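Just so you know, these numbers come straight off a predicted model, no measurement behind them. Counting starts at 1 for both ligands and their atoms, in listed order. Along the sequence shown, residues carry numbers from 1.
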Amino acid sequence: MRDLLRRRRMWRRRPELKRSYDVVIIGAGSHGLATAYYLRRHGITDVAILDRSYIGSGAAGRNTTILRSNYKTPEGARFYDASVRLYEGLGAELDFNLLFSRRGHLTLAHSDRALAVMANRAEVNRLEGIDSRLIGPDRVAELAPTMYVGPDTTYPIMGALHHPPGGIIRHDAVVWGLARGADEGGAEIHPHTEVTGLRREGDRITAVETGRGTVAAGTVLNCTAGWSTLLCDMAGVRLPITTHILQACVTEPVKPFLDVVVVSSQMHVYISQSDRGEFVMGSEIEPWTTYRMQNTLNFLQDLTRHTLELFPQLERARLLRAWAGLCDISPDYSPILGRTEVENFHVSAGWGTYGFKAAPIVGRTLAELVATGRTPELIAPFALERFHTDELVSELAAAAVSH
Ligand code: PYC
């Protein structure tokens, strides 16, 4: 029986923290776990992943599972495309069903201005080899035949950016699969281990203080969402980030009738139907900064009003759950990834509403940085330094929702 339980356990329970590790990763979400998973490819296995709560308890378990790469800048599109491509093979690689459903992604346009911005995005995407095109209202109706596309809505649909490689993937499965992969590679996963301080000597972090004792570390990675500024403060590193909540909710399961992801930044909604039949829906970030992960009545009212304009069939569907997560917003809406001024302290931060879809490529590139000491070309544009050299990568207006 014990053998059976041991075999069924996804990752080993680690009762003790060692006194030192080659690499300490803070945050057992999709980015931290993916980094540990890819580090093993470089033969780096003396790794601890620490989380103040259970694994996937932050943004990894609170997002709405959307994958896409139809970004506005060449740097962004190239980067997220590499991530979607890794996601394609990740389930087979991890030998874990991630329920990736490549069903296409529609960003609706309700104005001439939105059409012009989307035409521009489609051009940038296609120059990067990404399938993304502007389509008219008739084609929108063909792709989403159950969506109401009549003229008598608040925001009539004038067209859309269609991105066939986009889709959804089961977020919990991504966390579990990566955790198992990281564990098999030798990394130790320590949930419920809060980091309380970082000891810095000169340009290096020498140790990580936790609620379970202090551990020495060769390299430290901050892979937290929401708490990234607080952890960077402990290292004496300032991040230009503000933290906001993003809310989402899910209906009871209903008959399958939507097999494409629908997004409208003007109506502040993104909608998909899960394999279980639930409608998974989210809205824009709240404009105030907070760490209080609570839903608001305004969110539910606005989201349901707009969703019902597009899908009046849901009028009698009941909401099962609503939740909120934390989003770290950077000044240009692009992530802050890689080195900081502290030699052995790197970050994956500032993801806004984009983080989950980037997990595999973040893991691969951060692991390469740790192993080689060199910043991979793909992430060079996202260096923290860009805010000092004024080389911003503006993804403003490339979100699923208004930013
Ligand atoms: O950028 O695709 C996105 C997204 C979906 C939900 C929040 N952001």
inquiry  = Counting only nitrogen or oxygen atoms and a 3.5 angstrom limit, does Thr64 reach ligand 1?
reply    = no

task = Look at atom CD of Glu142 and say whether more than 12 heavy atoms of other residues, nucleotides or ligands are closer to it than 6.0 Å.
result = yes

query = Applying a 4.0 Å heavy-atom criterion (strictly less than), which segment of Ile66 is in contact with ligand 1: side chain, backbone, both, or neither?
reply = side chain

task = May I ask you to list the atoms of ligand 1 that are less than 4.0 angstrom from any heavy atom of Tyr354?
result = 1 (O)

Throw together a table of side-chain donor-acceptor distances under 3.5 angstrom for residues 234-245, partners on residues two or more places apart or in other chains.
| from | atom 1 | to | atom 2 | distance (Å) |
| --- | --- | --- | --- | --- |
| Thr242 | OG1 | His244 | NE2 | 2.9 |
| Thr243 | OG1 | Asp328 | OD1 | 2.8 |
| His244 | ND1 | Glu286 | O | 2.9 |
| His244 | ND1 | Trp288 | O | 3.2 |

message = Would His105 count as being in polar contact with ligand 1, using the rule that some N or O on each side must be under 3.5 angstrom apart?
response = no

query = Against heavy atoms of Arg68, which atoms of ligand 1 measure under 4.0 Å?
reply = 1 (O), 2 (O), 3 (C)

request  = Measure from the side-chain N and O atoms of His306 to the backbone N and O of Met267, and report whether any donor-acceptor pair falls under 3.5 Å.
outcome  = yes

inquiry  = Test of understanding: with side chain to side chain contact (heavy atoms under 4.5 Å, CB included), list the residues that count as partners of Val208, not counting sequence neighbours.
reply    = Val24, Leu50, Val195, Leu198, Thr210, Val215, Ala217, Val220

task = Give a yes/no verdict on a cation-pi contact between Arg19 and Tyr21, requiring under 6.0 Å between NZ or CZ and the six-membered ring centre and an angle within 45° of the axis.
result = no

